[in-house]
Amino acid sequence: MSRKMAIYPGSFDPPTKGHLDLIARGSRIFDELVVAILRNPEKAPLFSVEERKEMIELLTSGYKNVRVDTFEGLTVDYATRVRATAVLRGIRAISDYEYELQMALMNRKLQPSLETVFMMPAEHYSYVSSRLVREIAAMGGPVGALVPGLIEQRLRAKFGTQKRSKATAAASKRGRKRNTQS
């Protein structure tokens, strides 16, 4: 019986609890799961590829069949190079599905033997995206429910923000409530 290897490609900038949910579940389905961090020269990421790789390696160190790698170029070329049989992709909403379906069909056209496996995140992570996490963290907002503690610390260090106290959060909430009643 041949081993089934999947790649889970993405930017992971930063890694979220939603990403970790898919990694955990994907590691139970595939013999080997490669978290493949895309080097995209078109984007200006918050964390370098090396930082993201280190963070994901620390967060997945308990999984014997998960490894972390980086790549540039087409996902299908990378998948072929590492001999993956599947691409793991997360879908949170209908808008994700439309984009992911196009990508899966194009990948199939380019590499017919490569399958795409779609997984929905756990319900409580269905709204979490790296972009939203970055925006919230940049404004000093609470991200602890969205990312592991290690990532929260790294975000705070990157943005130079401190964790908001409950009193600050409550005062902010009262201020927003007053503004909406005006």
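Val147 approaches Pro15 most closely through the heavy-atom pair CG1-O, 3.7 Å. For Leu33 against Ile23, the heavy-atom pair with the smallest separation is CD2-O, 3.6 Å. Nearest approach of Pro14 to Val133, heavy atoms of both residues: CG-CG1, 3.8 Å. Smallest separation of non-hydrogen atoms from Tyr125 and Ala145: CE2-O, 4.3 Å. Looking at every heavy atom in both residues, Leu114 comes nearest to Ala84 through CD1-O, 3.7 Å. Pro142 and Ile136 make their closest contact through O-CG2, 3.7 Å (heavy atoms, listed as atom of the first residue, atom of the second, distance).
Remark: the backbone N or O of Val34 is not paired with any side-chain donor or acceptor of Arg67 at under 3.5 angstrom. Judged by distance alone, with hydrogens and angles left aside, the side-chain atoms of Asp31 form a donor-acceptor pair with the main-chain N or O of Lys4 at under 3.5 Å. Looking at Arg3, its side chain never comes within 3.5 Å of a backbone N or O of Phe30 through a donor-acceptor pair. In this structure a side-chain-to-backbone donor-acceptor pair under 3.5 Å is present from Asn65 to Ser27. Counting only distance, with no hydrogens or angles, the side chain of Lys17 and the backbone of Val128 share no donor-acceptor pair below 3.5 Å.
Residue Ser126 holds its OG atom at 10.0 Å from CG of Asp96, rounded to the nearest 0.5 Å. Taken from CG in Asn107 to OG1 in Thr75, the straight-line distance is 6.0 Å, to the nearest 0.5 Å. Note that CZ of Arg25 and OH of Tyr8 are 10.0 Å apart. Values are rounded to the nearest 0.5 Å. Distance check: Arg89 CZ to Phe118 CZ gives 8.5 Å after rounding to the nearest 0.5 Å. Expressed to the nearest 0.5 Å, how far CG of Leu59 lies from CD of Glu54 amounts to 9.5 Å.
Side-chain contact between Ser130 and His19 is present, with at least one heavy-atom pair separated by less than 4.5 Å. Between Thr70 and Lys53, the closest side-chain pair of non-hydrogen atoms falls below 4.5 Å. Side-chain atoms of Val143 and Leu155, non-hydrogen and from C-beta on, do get closer than 4.5 Å to each other. Taking 4.5 Å as the limit, some side-chain heavy atom of Asp13 sits within range of a side-chain heavy atom of Arg134. Side-chain contact between Phe12 and Val35 is present, with heavy atoms from C-beta onward closer than 4.5 Å. At least one side-chain heavy atom of Glu135 sits less than 4.5 Å from a side-chain heavy atom of Leu132. Between Val82 and Met5 the shortest side-chain heavy-atom distance falls below 4.5 Å. Looking at Val68 and Thr60, their side chains come closer than 4.5 Å, going by heavy atoms from C-beta outward.
Ion pair Glu51/Lys158 flagged as a salt bridge, since at least one NZ, NE, NH1 or NH2 atom sits closer than 4.0 Å to an Asp/Glu carboxylate oxygen. Salt bridge Asp77/Arg81: absent, no basic N to carboxylate O contact under 4.0 Å. Taking a cutoff of 4.0 Å between a charged side-chain nitrogen and a carboxylate oxygen, Glu32 and Arg83 do not qualify as a salt bridge.
Both Tyr63 and Val117 belong to a common hydrophobic cluster when Ile, Leu, Val, Met, Phe, Trp and Tyr are linked at side-chain heavy-atom distances under 4.5 angstrom. Residue Leu22 is grouped with residue Leu150 when hydrophobic side chains (ILVMFWY) are merged at heavy-atom distances under 4.5 angstrom, including chains of intermediate members. Linking Ile, Leu, Val, Met, Phe, Trp and Tyr residues whenever their side-chain heavy atoms come within less than 4.5 Å leaves Ile7 and Ile29 in two separate clusters. Hydrophobic clustering places Leu146 together with Leu20 (ILVMFWY residues linked when any side-chain heavy atoms are closer than 4.5 Å, directly or through intermediates). No chain of hydrophobic side-chain contacts below 4.5 Å, direct or via other Ile, Leu, Val, Met, Phe, Trp or Tyr residues, connects Val87 to Leu101.
Summarising the local packing, CD of Glu123 is surrounded by 12 or fewer heavy atoms from other residues, nucleotides or ligands at distances under 6.0 Å. At most 12 heavy atoms of other shown residues, nucleotides or ligands fall within 6.0 angstrom of atom CE in Met120.
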Could you go through the side chain to side chain contact (heavy atoms under 4.5 Å, CB included) check for Met55 and Arg52 one step at a time?
CA-CA 5 Å; Met55 289 185 288; Arg52 288 177 273 160; 4.2 Å; yes
Any chance you could lay out the side chain to side chain contact (heavy atoms under 4.5 Å, CB included) test for Phe47 and Arg154, step after step, and finish with the verdict?
CA-CA 9 Å; Phe47 292 100; Arg154 302 272 176 104; 3.9 Å; yes
Salt bridge (charged side-chain N to carboxylate O under 4.0 Å, His left out), that's the test. Do Arg92 and Glu100 meet it? Break it down for me.
CA-CA 11 Å; Arg92 297 171 301 210; Glu100 293 296 343; over 6 Å; no
Intermediate values then yes/no, side chain to side chain contact (heavy atoms under 4.5 Å, CB included), Phe159 and Leu46:
CA-CA 10 Å; Phe159 289 117; Leu46 177 62; 3.7 Å; yes
Might you work through the side chain to side chain contact (heavy atoms under 4.5 Å, CB included) test for Gln111 and Thr80, ending with a clear yes or no?
CA-CA 8 Å; Gln111 181 52 267; Thr80 300; 3.1 Å; yes
